[in-house]
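Below, read A as the first sequence line, B as the second, and so on, with proteins coming before strands; counting in each chain starts at 1. Values in this document were obtained by computation on a predicted structure and should not be read as measured data.
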Protein chains: 2
Amino acid sequence: MKEVTTLKKISEILNLSISTISRALKDHPEISETTKERVRQLATKMEYVPDANAIQLRTNNSKIFGLLVPSVSYYFYDSFIAAVEEECTKNGYSLLILQSGDDPTTEINHLKLCRQNRITGLFVCITPHTKDVNPFLKLNESGTPVIFFDKVPSYEACNKVCTADVDAARISANAILSKKKKKVLALFGNNHLSITKKRLAAFTEAFEKSKSKPKLVICHALDADEARNITHENLSLKNRPDTIFCMSDEILSGSMKAIQQSGLKVPEEVSVIAISNGFIPKLYYPEVTYAETSGYKLGKLAFTRMMACLSGSTFIQMLSVESVLVEGGSL
Amino acid sequence: MKEVTTLKKISEILNLSISTISRALKDHPEISETTKERVRQLATKMEYVPDANAIQLRTNNSKIFGLLVPSVSYYFYDSFIAAVEEECTKNGYSLLILQSGDDPTTEINHLKLCRQNRITGLFVCITPHTKDVNPFLKLNESGTPVIFFDKVPSYEACNKVCTADVDAARISANAILSKKKKKVLALFGNNHLSITKKRLAAFTEAFEKSKSKPKLVICHALDADEARNITHENLSLKNRPDTIFCMSDEILSGSMKAIQQSGLKVPEEVSVIAISNGFIPKLYYPEVTYAETSGYKLGKLAFTRMMACLSGSTFIQMLSVESVLVEGGSL
DNA sequence: ATGAAAGCGCTAACAA
DNA sequence: TTGTTAGCGCTTTCAT
């Protein structure tokens with residue numbers, strides 16, 4: 001059934017040794033031009049494709065990266081993946097993509113799968129419930145670079161690339177402060193996550209530093225529905241907020257539903273600003289103003305870091321892509 | 001640097017042959033329980049992980065599927081991918097994900113990459129510009145099942161799984177017709193794509209069959225912005241449409257912007273209905289009513305078909321997931 | 001119950 | 001310029 005062309009088959013037809021075929025195909029200088037040509041022609045005709053498994057086995061060089069995310073279909077990761085995949089293709093690598101589903105057991109199984117496939121390096125966004133990052137650190141120490149991205153462990157000595165949480169939160173806060181708002185509803189996510197803590201701290205700090213002090217109401221929502229409910233309640237108050245800040249796309253999507261439901265005019269009656277990857281904010285009219293945390297850019301950065309590690313850079317560091325304010329018209 | 005545990009290393013330490021180790025680890029009946037236990041213990045301690053490449057080389061069974069899409073970060077594909085990846089994990093397979101970027105050259109390169117990796121089977125959504133599907137058909141004939149999904153070639157004798165385009169369009173049309181609307185603006189995509197043709201044909205056919213005949217305005221938009229402009233123009237007319245149909249998520253996202261801009265009340269002043277994967281419609285208030293074409297369900301179906309092919313089912317067919325109407329409140 | 005040996009497809013050092 | 005050989009890690013047939 002499955003008949004594939006191998007060097008051996010070509011060599012038998014051409015009455016040459018396997019190594020000659022191998023060399024001819026890699027344009028080795030010691031092979032005569034005539035032989036090369038004959039080999040190339042037949043190889044093309046027989047649709048020869050080298051066996052990546054055999055090459056890996058022989059050379060111990062796999063040309064495959066692993067990528068472990070909670071889910072591929074989630075606001076941010078898809079653009080991260082797109083960026084990494086682009087770079088992989090550009091650099092002759094393949095990508096083994098695995099979803100943890102936010103389950104630490106699956107995560108560890110997937111890690112094993114990566115090891116089985118003898119991947120060259122691993123990009124990983126750990127789940128919020130991952131307690132033990134040692135298996136990842138071990139892999140890194142044993143010579144397979146591990147780049148943590150987005151949700152990274154607090155452990156110092158590892159490669160981390162993150163969105164500029166502090167920057168993005170500060171930019172958002174300052175954008176609000178510059179507009180002389182009276183009352184701000186700030187919606188944050190799960191308070192156990194470091195990303196929430198960082199954004200919250202930077203956001204409140206900016207408010208405290210400022211001279212003008214709008215009233216600030218801080219709430220936490222675990223998902224879009226909760227964000228929607230909280231927004232709905234607040235917009236129903238007699239002194240409703242004139243500005244809503246959402247720390248993530250998920251929260252923004254919930255909050256926007258409540259805003260649309262309220263019938264209030266954006267930005268005349270209520271302003272909106274978010275931290276986002278950019279896709280969700282552009283779905284509304286007016287487009288939502290946001291501090292960008294680009295998954296795509298982060299993916300490019302992660303790849304660059306990976307290549308540096310492979311070239312021997314052992315300098316371990318925390319890198320981040322800077323955030324910029326993208327004006328939409330909602331503030 | 002990269003030190004990995006192999007059967008050989010274990011065998012040397014235990015003073016046993018490699019084959020004994022191999023057998024012990026697979027719980028072969030002819031190995032004594034004591035030996036098995038010793039081997040298992042050491043293997044665990046040394047973190048032995050079998051080399052997938054060596055196994056593939058030896059057994060000619062790779063346990064890797066290829067997945068080729070235009071882009072991972074696009075409305076529909078991410079959920080398809082999520083479904084396929086879930087099933088892969090459940091069944092002990094890995095997934096090699098590749099993006100064509102809608103470029104046929106990249107597509108062909110990626111196909112080669114899949115062959116290099118000796119994948120077990122391939123899921124592929126061809127680009128709109130793919131003229132020659134022969135390389136895929138050849139792969140299929142040579143024993144590696146190829147499942148086309150979503151954008152499938154018109155060629156008959158191959159495995160295809162699709163969303164129920166005709167169903168979804170008919171369901172949408174009938175939902176509109178049952179509401180006694182007066183004037184419908186129907187927005188379709190690129191008219192060169194078979195998906196557009198199918199949906200358009202089924203949609204108009206349903207209208208023609210019906211007794212009540214609302215005025216029907218059909219437009220084509222190549223992207224979200226164009227959909228937005230067309231919607232904007234139509235809503236500015238003196239006799240504006242009371243209903244807008246969008247054949248895809250991309251078109252819906254553009255159209256919704258214009259609707260929000262108009263300030264018209266949904267569904268009181270203007271109704272909306274779309275064909276969608278479900279994510280975008282749920283971002284608005286009220287949620288948009290849509291005929292579901294689920295990427296996730298399609299992924300599950302594609303995987304089932306793949307497994308059937310691997311079990312020897314050579315019965316080649318076109319499968320599709322049925323569409324259902326999901327009521328949002330916008331109609 | 002265990003071992004020896006061949007071989008999957010490929011590369012590379014060494015020979016000729 | 002080309003061929004021979006060994007070996008990457010593993011499975012499996014055939015001994016013992």
Next on the checklist: Which residues pass the salt bridge (Lys or Arg N to Asp or Glu O under 4.0 Å) test with A:E33, not counting sequence neighbours?
Outcome noted: A:R40

Checklist entry - Atom NZ of A:K8 and atom C1' of C:dC8: how far apart are they, to the nearest Å? => result 9 Å

Checklist entry - What's the CG-C1' distance between A:L57 and C:dA12, to the nearest Å? => result 15 Å

Next on the checklist: In whole Å, I'd like the distance from the CG atom of A:D51 to the P atom of D:dG9.
Outcome noted: 16 Å

Checklist entry - Will you find, in the side chains of B:S313 and B:S311, an N or O donor that is under 3.5 Å from an N or O acceptor? => result no

Checklist entry - What is the distance, rounded to the nearest whole Å, between atom CG of B:N61 and atom C1' of D:dT12? => result 15 Å

Next on the checklist: Expected output is a numbered-order residue list: members of residues 18-36 of chain A with a heavy atom under 4.0 Å from any atom of DNA chain D. What is it?
Outcome noted: A:S19, A:T20, A:R23, A:E30, A:I31, A:S32, A:T35

Checklist entry - Rounded to whole angstrom units, what separation is found between the CG atom of B:N117 and the P atom of C:dC10? => result 13 Å

Checklist outcome for this item: Closest of D:dT2, D:dG9, D:dC10 to the A:L16 side chain is D:dT2

Checklist entry - How long is the line joining CD1 of A:I55 and C1' of D:dG7, in whole Å? => result 16 Å

Next on the checklist: Taking ring-ring contact (aromatic ring centres under 6.0 Å, His included) as the criterion, tell me which of A:Y77, A:F149, A:F65, A:F148 meets it with A:F123.
Outcome noted: A:F65

Checklist entry - Any side-chain heavy atom of A:I81 within less than 4.5 Å of one from A:I97? => result yes

Checklist entry - Hey, are A:E107 and A:T130 close enough side-chain-wise for a donor-acceptor pair under 3.5 Å? => result yes

Item to check | Between B:T120 and B:S62, a side-chain donor and acceptor under 3.5 Å | outcome: yes

Next on the checklist: Can you measure A:N15 atom CG to D:dT4 atom P for me and round it to whole angstrom units?
Outcome noted: 11 Å

Item to check | Nearest listed nucleotide, side chain of B:T6, among D:dT2, D:dC10, C:dG9 | outcome: D:dC10

Next on the checklist: What is the distance, to the nearest angstrom, from the CD atom on B:Q56 to the C1' atom on D:dC10?
Outcome noted: 12 Å

